[in-house]
Amino acid sequence: MLKILNGEVYDPANNIDGEVRDIRIDGGRVVDAFGDGRENGSCRTIDASGMIVMPGGVDMHAHIAGPKVNTARKMRPEDHRLAPVPRTSVTRSGVGRTVPSTFTTGYRYAAMGYTTAFDAAVPPIAARHAHEEFSDIPVIDKGFFVLMGNNEYIMQQIASGERERMRDYVAWLLGATGGYAVKMVNPGGVELWKSLGNARGLDEEVAGFGVTPRRIIESLAEASMNLGLPHPVHIHCNNLGVAGNWETTLETMKSLAGRRGHLAHIQFHSYGGDPGGLFVSRVAELAEYVNTHPNITVDVGQIMFGDTTSMTGDGPLAHMLHQVSGRKWVNVDIENECGCGIVPIEYKDRSHMHTTQWAVGLEWYLMARDPWRIALSTDHPNGASFVSYPRVIRLLTDREFRREAMKKANPKAIAKTSLPDLDREYSLYEIAIITRAAPARILGLKHKGHLGAGADADVTIYDKCGDAETMFSVPRYVIKEGEILVEDGSIRRETFGKTLYVAPGYDKAVEKDIREFFRKYYTIEFENYPVQLEHYLPRPREVATIK
Amino acid sequence: MQVDHVVCAFCGCVCDDIRVTVEGGRITNARNACALGKSWFLNHGAPSDLPVARIEGKPASLDQGIEEAARCLAGARYPLIYGLSSTSCEAQRKAVALAEVSGGCIDCCTSVCHGPSGIALQGVGEPTCTLGEVKNRADLIVYWGSNPAESHPRHMTRYAVTPKGMFVPEGRKGRTVVLVDVRRTPSARAADIFLQIRPGRDFEVLWALQALVNGRKVDAASVENTGLSHEALAAMADRMMRCRFGCLFVGQGLTQTRGRHFNTSAAFLLVRSLNRHTKFALMPMRGHGNVTGVDNVLAWQTGYPFGVNFSLGYPRFNPGEYTVVDLLGRAEADAALVVAADPVASLPAKAVRRLAEIPVIALDTHESETTRCARIAFTTSTAGIHVGGTVYRMDNIPIHLRKVLDSDRPSDEEVIGRLLARVKELKAC
């Protein structure tokens with residue numbers, strides 16, 4: 001039992017905007033009252049007078065676990081060397097700059113007041129690996145999205161019009177991997193990359209499979225909806241990082257035709273200009289479409305200046321980045337399912353292109369009318385590390401700070417964007433939406449992102465401070481499942497959170513056909529493929545599908 | 001009793017299609033397994049009279065062994081934990097925690113096999129793929145400094161050469177196989193082309209091939225000591241550029257001969273250059289069943305894949321300083337915990353001499369040179385036969401081991417876990 005008294009509460013899901021309220025916690029949940037006459041009994045009390053109380057942060061799109069992240073770790077000793085993290089009496093050691101080790105990842109999120117994070121791209125065949133790493137990521141609750149946009153079995157079913165079989169397969173695959181949602185990365189394009197090609201438009205045929213990116217997007221959006229998945233299809237569009245890609249992005253939004261869909265790291269997909277040339281911002285057009293189409297949600301994928309590691313399921317994109325920068329390059333093609341690419345990247349404030357990308361991200365936050373449909377993200381670590389969220393928050397809440405930051409960037413690039421004209425400042429209420437309430441709602445997590453009765457008791461308490469970056473960097477208390485784990489920015493106790501997954505029902509008859517596909521084209525037995533949930537998910541939490 | 005879809009954790013191929021027959025509490029057959037795998041399954045485990053723990057060669061209880069070993073580790077100034085390539089990731093995860101608490105170094109067999117491949121990845125990256133991509137797409141297979149016929153007997157038949165794949169429906173006929181080595185090994189019989197190069201000339205050959213692939217002129221004189229003619233090199237470069245999907249499998253002939261990580265970096269750069277012309281991948285031929293797993297566990301827990309030092313309370317990486325041969329050869333380590341490896345039988349003499357001077361704690365499923373010399377030896381159950389757990393195939397695919405038999409003996413995970421708990425108590429941390 002825990003009481004948080006007299007705090008200034010920001011709980012947008014319950015329309016609480018800075019009112020002084022008490023929060024009661026019992027059994028890991030928020031409760032209205034302790035009941036059973038225990039109301040006046042003794043329990044731990046936090047006097048939060050003059051402090052700000054919010055639900056724990058929810059990161060809905062990051063790369064924190066699994067084969068891609070771990071290969072990036074193996075690849076970047078020079079990155080780790082800059083940020084060693086010593087062990088303490090309660091925490092494990094690690095390293096942590098752009099690709100932190102698992103323990104450090106959990107502590108860093110928690111110390112920043114984030115209590116839930118999702119990995120955005122796990123190859124199904126390597127799901128077990130992601131779960132193993134999750135078992136070593138402390139404090140936070142976590143889950144992952146399963147890469148399906150270049151799955152050869154799915155493409156075959158689409159081509160032959162087997163919609164029901166495809167839907168059953170999607171359900172089987174989510175259950176077999178212990179995953180949370182359907183993810184598409186450059187649909188069709190990664191398959192083409194396996195023979196050095198790429199998909200440049202929604203109607204380009206995926207050679208050998210008789211489908212197009214458009215049909216893949218439509219089919220998986222439909223399947224996600226029909227299965228009642230809590231999170232709709234999660235799309236990394238074709239043509240990421242290419243000048244002129246905004247048209248592909250708009251086409252992708254239109255192709256959803258009213259079905260729900262989440263467009264990831266939209267910043268990277270909002271560029272005008274000629275392919276190969278300079279980027280210009282096309283946020284206005286895309287934001288207008290999103291503003292008027294409630295079926296679409298986005299996260300931003302803000303870039304911040306500095307050195308980071310790009311890692312993506314989009315193999316051809318990573319190869320392009322490698323060719324542009326000449327830096328070391330990893331490519332992994334994964335049988336029948338997907339691929340991945342990794343390249344270190346430095347975003348320079350003097351660069352016209354990088355400044356445009358930075359401004360495009362900020363334009364998205366400032367031009368999106370409905371904060372409930374936009375989530376704060378840096379596509380960690382692609383745009384920047386998740387530890388830069390507090391700085392992103394300051395850029396959004398503090399107009400003067402933003403102006404100063406603009407002065408340090410490439411002036412010609414800034415002048416071509418609408419950023420200098422955008423005076424909007426986010427309120428704390430709106431920040432609470434884009435960092436907690438909205439991502440939880442977009443993910444379909446009814447028990448997260450708010451502080452109403454029944455919610456998970458994941459709470460962050462900040463000292464009020466004029467500088468939002470400082471305030472959001474070092475919370476006074478972080479409470480996870482009702483336990484105070486962080487005080488004054490340091491971890492006081494190590495616990496492990498839950499793994500969030502879905503297990504939609506399906507017609508078992510589909511397994512016969514899948515088994516045959518495995519026999520022909522996989523190198524692992526069908527029987528050995530599904531993740532043993534009882535072994536790999538030490539604290540499982542199934543999230544129900546929507547009936 | 002028959003158990004299907006059993007996983008063989010002997011070599012990096014991690015074949016998971018083994019049909020195991022159990023009769024009278026013993027494995028009597030392992031269908032589909034190669035000669036090495038059959039031997040692993042049929043000869044599993046130590047003789048039943050080998051005690052669970054021995055101290056100075058005398059039988060001891062598990063508790064006594066744990067206590068003695070924990071005191072030994074807690075009292076050491078610079079302990080080394082080494083091996084781990086033939087045990088589960090679950091045990092490896094605990095071993096890293098133990099290294100951290102002990103404040104010494106942890107190193108795995110990678111540092112004496114494919115460490116140079118890991119260093120090449122750090123230097124230039126790595127274009128690679130999973131084995132199923134090879135099966136489904138590859139029309140050109142190159143084995144370099146590797147002898148799969150003897151080291152990975154099913155590699156060719158299960159993954160790379162004979163299977164029919166989605167875009168290679170004709171199987172073996174649809175692929176060209178090239179073997180590059182300093183001697184004609186039994187693998188040459190399965191190859192279409194054998195290129196014999198002079199020992200120690202791998203780097204020169206790889207560098208010349210890269211130059212040719214990049215459209216540069218290569219002076220015939222610069223390759224005359226390689227054992228291959230300029231024409232042969234040009235033909236090979238041409239063949240690699242013209243294939244549809246190639247894969248270069250890199251063996252210890254490259255990583256453990258003169259040049260080491262220069263060789264692997266040259267190989268990785270060659271494949272990188274080939275991707276300007278066609279799709280080409282490479283893959284280190286990882287030896288032990290879960291040596292890929294220990295790289296992964298170390299990387300996710302510490303950021304570094306092998307040779308990790310915890311003396312300052314956080315992970316540091318420096319091959320040549322924190323790696324087993326160097327730590328022992330320079331007589332720096334003052335105690336060693338060896339898990340599922342046999343360094344006494346495999347390391348250079350200088351390193352082995354140091355192992356004879358310091359207290360050694362050994363965990364293994366059977367008697368080995370190392371367990372015989374160890375001050376404290378534990379006999380553990382076998383991951384993949386007596387206990388489940390996770391192993392990573394050479395292409396980083398994680399596979400869950402199936403338990404086939406019961407065992408009275410503790411698992412590596414259990415022993416290391418108990419050591420961890422006790423060392424924490426002794427060091428009061």
Side-chain angles (χ1 to χ4, degrees), chain A residues 65 67 69-71 73-81 84-87 89 92-96 99-103 125-126 128-129 132-133 135-136 152 193-196 208 319 322 327-336 339 342-343 520-525 527-528 531-532 535-536, chain B residues 4-5 7 16-17 89 93 97 100-101 118 121-133 135-137 158-159 163-167 244-245 272 275 278-279 281 295-297 299-305 310 312-317 388 390 392-393 395-400 402 429:
Chain A
V69 179
N70 214 34
T71 303
R73 290 189 190 104
K74 290 180 197 164
M75 184 200 203
R76 299 219 63 191
E78 76 283 10
D79 186 73
H80 310 325
R81 191 156 287 183
V85 179
R87 67 183 289 262
S89 57
R92 293 283 304 272
S93 71
V95 290
V99 267
S101 54
T102 48
F103 299 108
I125 197 171
R128 207 170 264 113
H129 180 168
E132 280 214 289
E133 289 196 25
S135 298
D136 280 341
E152 289 166 359
W193 169 242
K194 290 178 174 179
S195 44
L196 225 57
H319 189 241
H322 158 63
R327 295 181 76 174
K328 54 190 174 183
W329 167 61
V330 163
N331 181 76
V332 188
D333 289 347
I334 296 165
E335 60 202 71
N336 311 314
I342 309 164
V343 186
K520 282 189 190 151
Y521 304 126
Y522 271 91
T523 53
I524 167 171
E525 300 276 284
E527 289 75 8
N528 287 330
V531 170
Q532 294 73 8
H535 182 84
Y536 290 96
Chain B
D4 282 332
H5 320 294
V7 180
D16 72 333
D17 62 343
C89 292
R93 282 163 62 192
E100 184 184 299
V101 167
L121 163 63
Q122 294 175 341
V124 303
E126 180 181 36
T128 186
C129 63
T130 69
L131 287 165
E133 282 295 294
K135 165 179 155 168
N136 283 330
R137 293 173 197 270
R158 185 168 153 81
Y159 302 119
K164 292 176 176 162
M166 191 179 281
F167 300 103
R244 194 178 61 223
F245 189 111
R272 191 163 108 174
N275 276 278
T278 186
K279 205 67 200 278
D295 287 12
N296 276 316
V297 169
W300 83 56
Q301 291 205 354
T302 75
Y304 307 114
F310 285 106
L312 296 181
Y314 55 81
R316 288 184 298 164
F317 170 71
T390 316
Y392 285 70
R393 205 166 66 182
D395 55 354
N396 286 300
I397 299 296
I399 298 177
H400 189 72
R402 280 173 194 264
C429 60

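The sequence lines fix the lettering, A, B, ..., with proteins before strands; numbering per chain opens at 1.
With chain B as partner, the option from A:Val343, A:Val531, A:Asn336 having the largest number of non-hydrogen pairs under 4.5 angstrom is A:Asn336. Between chain B and the options A:Lys194, A:His535, A:Arg76, A:Lys520, heavy-atom pairs under 4.5 Å are most frequent for A:Lys194. With respect to chain A, the highest number of heavy-atom pairs below 4.5 Å among B:Lys164, B:Arg402, B:Arg137 belongs to B:Arg137. Here A:Asn70 is the residue among A:Ile334, A:Val330, A:Val99, A:Asn70 with the most heavy-atom pairs under 4.5 Å with chain B. Across A:Ser135, A:Ser89, A:Gly96, the residue that shares the most heavy-atom pairs under 4.5 angstrom with chain B is A:Ser135. Annotation: maximal heavy-atom pairing with chain B below 4.5 Å, among A:Asn528, A:Leu196, A:Thr102, occurs at A:Asn528. Heavy-atom pairs under 4.5 Å with chain A were tallied for B:Asp17, B:Thr278, B:Asn296, B:Val101; the largest tally goes to B:Asn296. When the candidates B:Gly118, B:Gly132, B:Ala97 are compared by the number of heavy-atom contacts under 4.5 Å with chain A, B:Gly132 comes out ahead. Taking chain B as the reference chain and counting heavy-atom pairs below 4.5 Å, the highest number among A:Val332, A:Asp136, A:Val95, A:Thr71 is found for A:Asp136. Ranked by heavy-atom pairs under 4.5 Å with chain A, the first of B:Leu121, B:Ile399, B:Leu131, B:Thr390 is B:Thr390.
Both the backbone and the side chain of B:Asn275 come within less than 4.5 Å of a heavy atom of chain A. Contact annotation for B:Arg244: neither backbone nor side-chain heavy atoms come within less than 4.5 Å of a heavy atom of chain A. Heavy atoms of B:Ile397 lying under 4.5 Å from chain A belong exclusively to its side chain. Looking at B:Arg316, there are no atoms closer than 4.5 Å to chain A (heavy atoms on both sides), in backbone or side chain. For B:Thr128, the parts lying near chain A are the backbone and the side chain together; criterion is any non-hydrogen pair under 4.5 Å. Using a 4.5 Å cut-off between heavy atoms, A:Glu527 contacts chain B through both its backbone and its side chain. Contacts of A:Pro77 with chain B are made by both backbone and side-chain atoms, with heavy-atom separations under 4.5 Å. Proximity to chain B is limited to the backbone of A:Val85, based on heavy atoms less than 4.5 angstrom apart.
The two residues B:Tyr304 and A:Arg81 have their closest heavy-atom pair at OH-N, 3.5 Å. When all heavy atoms of B:Gly303 and A:Ser101 are compared, the pair lying nearest together is N-CB, 4.3 Å. Between B:Tyr314 and A:Gly94, the shortest heavy-atom distance links the atoms CB-O, 4.4 Å.
How far CD of B:Gln122 is from CE of A:Met75: 10.0 Å, rounded to the nearest 0.5 Å. One finds the NE2 atom of B:His400 at 11.5 Å from the CD1 atom of A:Ile524 (value rounded to the nearest 0.5 Å). To the nearest 0.5 angstrom, A:Ile125 atom CD1 is 6.0 Å from B:Arg393 atom CZ. Atoms CD and CD1, from B:Glu126 and A:Ile342 in turn, are 9.5 Å apart once rounded to the nearest 0.5 Å. The CD atom of A:Glu132 lies 4.0 Å from the OH atom of B:Tyr392; values are rounded to the nearest 0.5 Å. Atoms CE and OH, on B:Met166 and A:Tyr522 in that order, are 9.0 Å from each other to the nearest 0.5 Å.
Remark: B:Lys279 engages A:Asp333 in a salt bridge, criterion side-chain N to carboxylate O under 4.0 Å. A salt bridge is defined here as a Lys NZ or Arg NE, NH1 or NH2 lying under 4.0 Å from an Asp or Glu carboxylate O, and A:Lys74 with B:Asp295 fails to meet this definition.
Aromatic ring centroids of B:Phe317 and A:His80 lie 6.0 Å or more apart.
Remark: the backbone N or O of A:Thr523 is paired with a side-chain donor or acceptor of B:Arg158 at under 3.5 angstrom.
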Subject >> Stepwise side-chain hydrogen bond (donor to acceptor under 3.5 Å, both in side chains) test for A:Glu335 and B:Asn136 >> reply: CA-CA 8 Å; A:Glu335 60 202 71; B:Asn136 283 330; over 6 Å; no
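Classified by interplanar angle (parallel below 30°, tilted 30° to 60°, perpendicular above 60°), the ring pair B:Trp300/A:His129 is tilted.
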